[in-house]
Structures are given as structure tokens and as C-alpha cells.
Amino acid sequence: MSHLDSMLRSSLRSAGRLTAALRQARHQPVCGSVPAASQCVLRDFSTNSHDIFNVHKHNPDNNWETPFDFTDDNYEIAAEIVAQFPTNYKASAMIPILDLAQKQNKGWLSLSAMNKVAEVLNVPPIRVYEVATFYTMFNRSKMGKYHVMVCGTTPCMLQGAREIYQTLKQHLGVDYGQTTADGMYTLSEMECMGSCVNAPMIAVADYSGPDARSFKYTYYEDLTPQDAVSIMDDLKAGKTPRVGSQHREKAEPAGAIIDGKWVAKAEGQTTLTWDQPPGPYCRDLTDPPKPPEQAEAKK
């Protein structure tokens, strides 16, 4: 046996052991640490989606016989969307049509909803399943009235996203991928929401409106753990929480969340309105740059 063959066999054995270990770890029981999730379940996580299982599992709310059809209004919207693409590329409209189906279906895509999208676009259902299972913003299990997503990207983590998650987990009684018993909230994680300067933050999707046009997607920024709890309580009470930053007007340098508390910076409100900024300054850009040898001599 050559040295190369020996190395290859050794690598294959190592890969086999690693695969077996990953399979075993992947299907280990995960026990909830809060009362509403106290039972152990087998989890097969799909990235940061709220969907616990990667595979479809028939249940009373989601099977071949579950009814779904677009409303007349949504058929009109679907036609407008499809009309934006060449007639021989109707499948290019798949993502916006799936989004339309999800909004009509109270925030999630049932098997029947995906099959209807396939019918509208004249594609095999598997093509729709491939897209719906790839993008984590498509939800394939039943959602709560409010889908609460905690930002898990680095700036929010550094500013306290873990504490926001732990507080919401305790307050709502559910973990990521779970829905409260009253059907009010589904809790999950989401990657960058694009407002890093106001970290940490959450986004709340509201699918409770009467039609797809009434869908709402709201950011709540500069959050302390108590801010997050107050927002949940206000939503449940039918109130309208303050949108955006909870402690400043927009993103002006007025302070930051430090150790779970808002710490105001007294001079922050006027940072951008100085008569003369303190520097350092660059050269006058109307003057020609100095030759390299003169710049070096000056040093």
C-alpha cells in the first residue's frame, strides 16, 4: 500500500467517525429550561430559522388536505407580480409569490400554500419547496400573532442581545423556535437587521391584519431587557409601542446601551453642530498635494 493510499484511508476513517458523532449530537434530546417547554424533544435545527425541523411532518394544520387558495385580491397582486417577468420565466416570481402566500396565511407556508404557488407559476412543487426551505424568512410551521426576532449579529451581541434573548425567553416562557401557548408570540433569532448603530434590537412581524396589504414589520432599537418586556406587554394589551430607538430620536450620538441600561452622553446631542470641530484636520483640498520628496523631508 502506498503512502498516499494509507493517508486516504486514514482520512476516510476520520471523516466517518466525525459524521457519526455529528449525527449523534444532532439528534440528542434538547430539554427546555422554562415551564412551557419542559418536555424533551428531538431537534433538527435549520440554521437560524424558527422552524425546528428541516423536513415536513404532517399534522392537523399542515397536510395534503389542508385548504389554501389565494383570495381574489391576492390573485390580482400575484398577476401584477408575475407580469413584471418574461412569460417564459414565471418562476422568477417565486419569492414574492411565496411572500404573498405567507402573508395571507398568517405568517407561514403550509404544504397546500406552497403547492398553490407551484400551480400559479406552472412549476413542479419541489421547485417551490427548494426555495421555501432555503430562505429562513419563510416560515413552514404555524406562527404566533407576533413573530419576535432577536438580532444575533455581532454588534447586537456586543451590546446585549444575549440578555435580550434570555429576558424574552423567561418572560414569554418559550425558547427560539417555539410559540406561546396562547398563540400570541413566536420567538426566533434573525441575522443582521441593518441598524447596528442602534444595537441591540428586535424586529416584530405582525401577521394579524385582515389581508396581505396590512402586514407590518417593525424595528425596536436601543433596547434594554426591560424595554423588550415592555414592548411585549404593550403589544399584548393592544397598545402601540414606540417604533425605532427607545432612547433617542434616530441614530444621533446621544448615548448607548451599557450593561443592560441606557447611558446618556450629555454632549451627544450637539456633537454634529460644533462651530469648529476639534480636528485632526486634513490639508486644504483646493491646494495641490506636495511632491513626495517634500512631504518626506518635512517629516
Side-chain angles (χ1 to χ4, degrees), residues 36 46-53 56 59-63 66-78 80-81 93-117 120 128-129 131-151 168-169 171-191 193-194 201-221 228 231-244:
S46 52
T47 64
N48 67 325
S49 170
H50 94 282
D51 291 301
I52 292 178
F53 294 104
H56 170 76
N59 61 61
D61 296 316
N62 191 9
N63 55 66
T66 306
F68 178 88
D69 196 2
F70 284 114
T71 63
D72 292 342
D73 185 39
N74 284 344
Y75 268 119
E76 292 181 9
I77 296 175
E80 293 172 2
I81 294 171
M94 189 175 298
I95 288 179
I97 299 297
L98 277 170
D99 181 58
L100 181 65
Q102 178 165 280
K103 290 174 181 177
Q104 177 179 314
N105 203 43
K106 302 300 182 184
W108 67 291
L109 293 169
S110 64
L111 189 62
S112 297
M114 290 187 283
N115 291 340
K116 178 57 67 173
V117 171
V120 168
V128 179
Y129 305 159
V131 174
T133 56
F134 180 82
Y135 293 101
T136 58
M137 290 182 74
F138 290 128
N139 310 311
R140 292 174 294 102
S141 51
K142 199 169 184 179
M143 304 293 293
K145 179 179 179 180
Y146 298 108
H147 185 189
V148 181
M149 294 159 279
V150 181
C151 184
L168 289 175
K169 174 182 174 181
H171 182 68
L172 301 178
V174 293
D175 206 338
Y176 283 158
Q178 298 174 338
T179 300
T180 56
D182 61 1
M184 184 65 64
Y185 305 104
T186 296
L187 183 63
S188 66
E189 182 184 16
M190 179 180 173
E191 292 309 313
M193 299 177 185
M201 64 180 297
I202 63 174
V204 177
D206 180 0
Y207 297 101
S208 62
D211 53 45
R213 298 180 192 272
S214 60
F215 165 74
K216 297 178 182 178
Y217 196 84
T218 309
Y219 283 176
Y220 301 98
E221 307 154 10
I231 290 169
M232 296 302 103
D233 291 344
D234 284 348
L235 290 172
K236 190 170 186 177
K239 300 178 181 178
T240 303
R242 173 175 171 165
V243 175

Next item on the list: Can you measure from CG (L98) to CG (L109) and round to the nearest 0.5 angstrom?
Entry: 5.5 Å
Check: So, do V131 and I95 sit near enough that their side-chain heavy atoms are less than 4.5 Å apart?
Finding: yes
Next item on the list: First locate atom CE of M232, then atom CG of L235, and finally report the distance between them rounded to the nearest 0.5 Å.
Entry: 5.5 Å
Check: Which residue pairs satisfy the salt bridge (charged side-chain N to carboxylate O under 4.0 Å, His left out) criterion with at least one member in residues 103-113, sequence neighbours excluded?
Finding: D99-K103
Check: S214 and G209: which non-hydrogen atoms are nearest, and at how many Å?
Finding: OG-CA, 3.1 Å
Check: Who passes side chain to side chain contact (heavy atoms under 4.5 Å, CB included) against A205, sequence neighbours left out?
Finding: H147, M149, Y207, F215, Y217
Check: Atom CG of N74 and atom CD of E80: how far apart are they, to the nearest 0.5 Å?
Finding: 10.5 Å
Next item on the list: Answer yes or no: is there a donor N or O on one side and an acceptor on the other, between the side chain of Y219 and the main chain of M193, under 3.5 Å?
Entry: yes
Item checked: Pairs where residues 67-78 contributes a residue and the test salt bridge (charged side-chain N to carboxylate O under 4.0 Å, His left out) is met, not counting sequence neighbours -> D69-K116, D73-R213
Checklist line | Beyond-backbone contact of Y75 with L100, side-chain heavy atoms, under 4.5 angstrom | finding: no
Notebook entry, point to check: S208: what forms a side-chain hydrogen bond (donor to acceptor under 3.5 Å, both in side chains) with it, not counting sequence neighbours?
Noted result: D206
Checklist line | From E191 atom CD to M137 atom CE, the distance as rounded to the nearest 0.5 Å | finding: 12.0 Å
Item checked: Close side-chain approach of Y146 to T218, heavy-atom, < 4.5 Å -> no
Item checked: Spacing of L187 atom CG and H171 atom NE2 [to the nearest 0.5 Å] -> 11.5 Å
Check: Can you find a heavy atom in the side chain of D233 that is under 4.5 Å from one in the side chain of K236?
Finding: no
Margin query: Between T133 and R140, does the side-chain contact (heavy atoms from CB on, under 4.5 Å) criterion hold? Intermediate values first, please.
Written below: CA-CA 8 Å; T133 56; R140 292 174 294 102; 3.6 Å; yes
Check: Any donor and acceptor pair, going by atom type alone, linking the side chain of Q102 with main-chain N or O of N139 inside 3.5 Å?
Finding: yes
Next item on the list: Under the side chain to side chain contact (heavy atoms under 4.5 Å, CB included) rule, collect the residues that match up with N105, sequence neighbours excluded.
Entry: F68, W108, S110
Item checked: Shortest non-hydrogen separation from P96 to I81 and the atoms involved -> CG-CG2, 3.7 Å
Check: Which pair of heavy atoms, one from V117 and one from A101, lies closest together, and at what distance?
Finding: CG2-CB, 4.0 Å
Check: For the atom pair OG1 (T66) and CG (N63), what is the distance rounded to the nearest 0.5 Å?
Finding: 3.5 Å
Item checked: Pair Y129-N115, side-chain contact (heavy atoms from CB on, under 4.5 Å): steps then yes or no -> CA-CA 9 Å; Y129 305 159; N115 291 340; 2.5 Å; yes
Next item on the list: Report the residues that fulfil side chain to side chain contact (heavy atoms under 4.5 Å, CB included) with T180, sequence neighbours left out, ordered by chain and then residue number.
Entry: L172, V174, D182, M184, Y185
Next item on the list: Indicate yes or no: at least one non-hydrogen side-chain atom of Q104 is less than 4.5 angstrom from one of I77.
Entry: no
